[in-house]
Amino acid sequence: MRQLRGRFVERSRTDAEEVRAIRCHLKAGEPVSPEVLTHLFKTVHALAGAAGLFGFETVSEAALQVERILRAGETSAAEIAPSLAELGARLDEVVEAR
């Protein structure tokens, strides 16, 4: 289990970078393609489950919030950027605590 948890922490680094990149595009007013949003949805859905499994409840909760927003069809910067910022911060905490 420790090895799986370690892989989750390493993957969190990549996920945090992706979340930051998408948030930057949104804040800059750049359109985000449906494919990117689909990838983001899959990422946060997986994060919500895996984070909870490995005891990272704050990551799980932040990922669930982004998932709820995307499920509702909200993709504007005003709607999603704050939740992406929160998720990125929680992922950074996981990586830094390692």
Side-chain angles (χ1 to χ4, degrees):
M1 187 68 135
R2 185 182 350 199
Q3 190 175 34
L4 291 174
R5 191 173 199 264
R7 279 194 243 162
F8 173 80
V9 171
E10 285 305 312
R11 193 182 106 202
S12 294
R13 184 183 320 274
T14 302
D15 291 341
E17 291 169 6
E18 288 181 20
V19 164
R20 272 193 291 280
I22 293 169
R23 182 172 171 258
C24 286
H25 286 290
L26 286 168
K27 288 189 76 166
E30 299 171 11
V32 179
S33 72
E35 294 81 14
V36 170
L37 291 173
T38 298
H39 176 74
L40 176 62
F41 180 84
K42 289 177 181 179
T43 298
V44 298
H45 180 75
L47 268 172
L53 177 68
F54 295 118
F56 299 109
E57 290 302 320
T58 59
V59 173
S60 182
E61 291 170 16
L64 281 171
Q65 179 60 28
V66 174
E67 184 178 352
R68 282 186 205 108
I69 291 168
L70 291 173
R71 234 183 245 282
E74 301 296 340
T75 58
S76 70
E79 293 294 331
I80 198 168
S83 294
L84 287 175
E86 178 69 18
L87 177 57
R90 299 298 72 81
L91 287 167
D92 287 342
E93 289 173 357
V94 168
V95 172
E96 292 169 8
R98 182 164 194 238

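In what follows, every heavy atom counts, from backbone to side chain, and hydrogens, waters and symmetry copies are set aside.
A salt bridge does not link R20 to E17: none of the charged nitrogens lies less than 4.0 Å from a carboxylate oxygen.
Counting only residues at least two apart or on different chains, the ring-ring contact (aromatic ring centres under 6.0 Å, His included) pairs with a member in residues 26-76 are F8-F54, F8-F56.
Once rounded to the nearest 0.5 Å, the distance linking CD of E61 with OG of S83 reads 12.5 Å. Taken from CD in E86 to CZ in R23, the straight-line distance is 10.5 Å, to the nearest 0.5 Å. For the atom pair CZ of R13 and CG of L91, the computed distance is 11.0 Å after rounding to the nearest 0.5 Å. Considering CG of L40 and CG of L26, their distance stands at 8.5 Å, rounded to 0.5 Å.
Looking at every heavy atom in both residues, V59 comes nearest to R90 through CG2-O, 3.6 Å. Of all heavy-atom pairs between G88 and V19, the closest is N-CG1, 4.1 Å.
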Next on the checklist: Working note: Q65 + R68, criterion side chain to side chain contact (heavy atoms under 4.5 Å, CB included); need CA distance, chi angles, decisive distance, verdict.
Outcome noted: CA-CA 5 Å; Q65 179 60 28; R68 282 186 205 108; 3.3 Å; yes
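For the pair L47 and R11, the minimum side-chain heavy-atom distance is below 4.5 Å.
The number of heavy-atom neighbours closer than 6.0 Å to CD of Q3, taken from other residues, nucleotides and ligands shown, is 12 or below.
Applying the side-chain contact (heavy atoms from CB on, under 4.5 Å) test to A48 and every residue at least two apart in sequence or in another chain returns S60, A63, L64, E67.
None of V32, L70, L87 except one satisfies the side chain to side chain contact (heavy atoms under 4.5 Å, CB included) rule with I80; the exception is L70.
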